[in-house]
Visitor: 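Please read through the structure below; I'll follow up with questions.
Computation of the quantities below employed the complete heavy-atom set of this structure, encompassing side-chain atoms and omitting hydrogens, waters and symmetry-equivalent molecules.
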Amino acid sequence: MIFSTLEHILTHISFSIVSIVITISLITFSVDEILGLYDSSEKGIIVTFFSITGLLVTRWIYSGHFPLSNLYESLIFLSWSFSIIHMVPYLKKHKNYLSPITAPSTIFTQGFATSGLLTEMRQAELLVPALQSQWLIMHVSMMVLGYAALLCGSLLSVALLVITFRKVIRTFHKNNNFLNDSFSFGKIKYMNQKSNVLLNTSFFSSKNYYRAQLIQQLDHWSYRIISLGFIFLTIGILSGAVWANEAWGSYWNWDPKETWAFITWTIFAIYLHTRTNKNLESVNCAIVASLGFLIIWICYFGVNLLGIGLHSYGSFNLH
């Protein structure tokens with residue numbers, strides 16, 4: 001009873017703090033000069049991390065097993081993973097480009113975990129025989145950490161695509177307006193536009209420079225985080241294969257979860273391969289990573305929603 005109450009309190013504390021952090025993050029992105037608010041938001045995520053850590057430890061103690069046996073526990077662990085990724089740039093004193101991604105991801109995953117859909121899973125239960133293995137910690141933790149890192153890296157690639165294509169659309173729109181205005185108003189209008197362009201050259205060049213720097217940073221962080229996630233995913237798949245051989249007598253059974261995990265691994269292997277090719281632009285790599293974002297969610301939720309296959313433990317029933 002005490003542990004259940006403590007878990008309930010820690011859940012609400014972490015959820016409330018991360019909600020405040022998102023609000024502060026939105027303010028700091030609107031007004032860059034407020035450094036105090038930025039530090040507060042970063043420290044808020046650290047407090048959230050310790051709250052979720054306490055929640056997981058509490059559940060581990062009173063359930064008697066590592067808290068990764070069902071969808072509710074894996075979502076809490078996923079939220080915890082997002083908070084870890086969020087803290088890395090802050091602890092290394094780098095500008096945190098991950099904040100607009102990791103903070104909302106933390107609150108959305110934890111919000112879904114504590115929603116009414118997963119009420120039945122909040123009660124700690126004994127593990128089914130197939131999950132009573134030392135490989136549970138190794139396999140599932142690596143997979144969820146891999147999902148968290150790959151999701152963050154993919155969202156950075158999505159942001160890169162949005163900024164890039166927004167720039168292309170604006171440039172195309174301005175070129176069309178320039179041609180139309182030139183034919184409509186004649187030479188005098190053209191001379192006025194030319195003088196305005198000369199006056200604003202420094203402004204636009206500075207703006208383009210910072211946009212290019214932002215795109216470069218997004219590409220850099222996306223590559224680093226996806227590389228880390230790919231390592232976690234690979235370890236998770238390999239440890240899962242060893243566990244499957246012990247439990248079912250075969251390293252690979254082409255179960256739906258295994259199949260989608262292999263597809264996910266292949267997509268991000270393609271991303272890393274294209275990323276090493278310097279002849280390809282970062283946009284091409286970002287498109288592959290954006291596709292991977294959708295594949296991860298199919299892999300993560302597909303089996304749980306359908307409740308099929310050998311990996312359907314801890315799924316919720318759709319009534």
Visitor: Can you see whether Ser222 engages Ser157 through a side-chain donor-acceptor pair at a distance of less than 3.5 angstrom?
Guide: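 Judged by distance alone, the side chains do pair up.
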Visitor: Around atom NE2 of His273, are there more than 12 heavy atoms from other residues, nucleotides or ligands closer than 6.0 Å?
Guide: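 Atom NE2 in His273 is not packed in, count stays at 12 or less.
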Visitor: Please check if the side chain of Asp255 supplies one atom and the backbone of Lys257 the other of a donor-acceptor pair under 3.5 Å.
Guide: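 Yes, because the side chain of Asp255 sits within donor-acceptor range (under 3.5 Å) of the backbone of Lys257.
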Visitor: Taking C-beta and beyond as the side chain, do Thr109 and Trp80 meet within less than 4.5 Å on heavy atoms?
Guide: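 Not touching, per the 4.5 Å side-chain cut-off.
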Visitor: With side chains defined as the heavy atoms from C-beta onward, is the minimum distance between Asp219 and Arg275 less than 4.5 Å?
Guide: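 Result yes, sub-4.5 Å side-chain heavy-atom pair found.
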Visitor: Rounded to the nearest 0.5 Å, what's the gap from OG on Ser81 to CG on Leu75? Could you check?
Guide: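 Output value for this atom pair is 11.0 Å.
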Visitor: Assess whether side-chain contact (heavy atoms from CB on, under 4.5 Å) is satisfied between Leu218 and Ile163, documenting all intermediate values.
Guide: CA-CA 10 Å; Leu218 288 173; Ile163 295 172; 3.6 Å; yes
Visitor: Testing the basics here: between Tyr271 and Cys285, what is the closest heavy-atom pair and its distance to 0.1 Å?
Guide: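 Scanning both residues, the minimum pair turns out to be CD1-O, 3.1 Å.
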Visitor: Taking the side chain as every heavy atom from C-beta outward, state whether Ile85 and Ser105 have any atom pair closer than 4.5 Å.
Guide: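 Side-chain contact under 4.5 Å: no.
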Visitor: Can you name the nearest heavy-atom pair linking Phe230 to Ala269, along with the distance?
Guide: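 In this case the closest contact between Phe230 and Ala269 is CE1-N, 3.7 Å.
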Visitor: Could you tell me if Trp265 and Thr234 have a donor-acceptor pair between their side chains, going purely by distance under 3.5 Å?
Guide: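 The answer is yes; a qualifying pair exists.
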Visitor: Measuring from atom OG1 of Thr264 to atom CZ of Phe262, what distance do you get when rounded to the nearest 0.5 angstrom?
Guide: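 Output value for this atom pair is 10.5 Å.
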Visitor: Could you walk me through whether Ile137 and Leu68 satisfy the side-chain contact (heavy atoms from CB on, under 4.5 Å) test, starting with their C-alpha distance in whole Å, then the side-chain angles of each, then the deciding distance to 0.1 Å, before giving a yes or no?
Guide: CA-CA 8 Å; Ile137 298 177; Leu68 276 174; over 6 Å; no
Visitor: Atom OG in Ser74, atom CG in Leu71: separation rounded to 0.5 Å?
Guide: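 One finds 4.5 Å between OG of Ser74 and CG of Leu71.
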Visitor: side-chain contact (heavy atoms from CB on, under 4.5 Å) for Leu56 and Glu73? Distances and angles first, verdict last.
Guide: CA-CA 8 Å; Leu56 291 171; Glu73 293 174 348; 6.0 Å; no
Visitor: Roughly how far apart are Thr266 OG1 and Ile295 CD1, rounded to 0.5 Å?
Guide: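 With rounding to 0.5 Å, OG1 (Thr266) is 10.0 Å from CD1 (Ile295).
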Visitor: What's the shortest heavy-atom distance between Met142 and Ile235, and which atoms?
Guide: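 Smallest heavy-atom distance, with atoms named: CG-CG2, 3.8 Å.
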Visitor: Report yes if the distance between the aromatic ring centroids of Tyr147 and Tyr300 is under 6.0 Å, otherwise no.
Guide: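 Judged by ring-centre distance (under 6.0 Å), Tyr147 and Tyr300 do meet the cut-off.
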Visitor: Rounded to the nearest 0.5 Å, how far does NE2 of His220 lie from CZ of Arg224?
Guide: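 Reported value, rounded in 0.5 Å steps: 4.0 Å.
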Visitor: Give the cluster check for Val144 versus Leu238: same hydrophobic cluster or not, with ILVMFWY residues linked at side-chain heavy-atom distances below 4.5 Å.
Guide: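 Not linked; separate clusters.
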Visitor: Taking the side chain as everything from C-beta on, heavy atoms only, tell me whether Ile52 gets closer than 4.5 Å to Phe82.
Guide: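 When only atoms from C-beta onward are counted, Phe82 and Ile52 do not touch, as no gap falls below 4.5 Å.
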Visitor: Below 4.5 Å, heavy atoms only, C-beta onward: do Val242 and His139 meet side chain to side chain?
Guide: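 Val242 does not reach His139 side chain to side chain.
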Visitor: Could you tell me if the side chain of Tyr223 sits less than 4.5 Å from the side chain of Leu272, heavy atoms only?
Guide: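 A side-chain contact under 4.5 Å exists here.
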Visitor: Any donor and acceptor pair, going by atom type alone, linking the side chain of Glu258 with main-chain N or O of Asn253 inside 3.5 Å?
Guide: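 Checked: pair present.
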Visitor: Under a 4.5 Å side-chain heavy-atom rule over Ile, Leu, Val, Met, Phe, Trp and Tyr, are Leu233 and Tyr251 clustered together?
Guide: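 Each belongs to a different hydrophobic cluster.
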Visitor: How long is the span from the OG1 atom in Thr106 to the CZ atom in Phe108, to the nearest 0.5 Å?
Guide: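 Those atoms lie 10.5 Å apart.
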Visitor: Would Cys152 and Thr102 count as a side-chain contact (heavy atoms from CB on, under 4.5 Å) if you check the C-alpha gap in whole Å, the side-chain angles of each, and the deciding distance to 0.1 Å?
Guide: CA-CA 7 Å; Cys152 287; Thr102 52; 3.8 Å; yes
Visitor: So do Pro67 and Phe77 actually touch side chain to side chain, heavy atoms under 4.5 Å?
Guide: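 No, every pair of side-chain atoms sits at 4.5 Å or beyond.
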Visitor: Mind checking whether Phe268 and Ser154 have side chains closer than 4.5 Å, heavy atoms only?
Guide: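 Heavy-atom side-chain distance check passes, below 4.5 Å.
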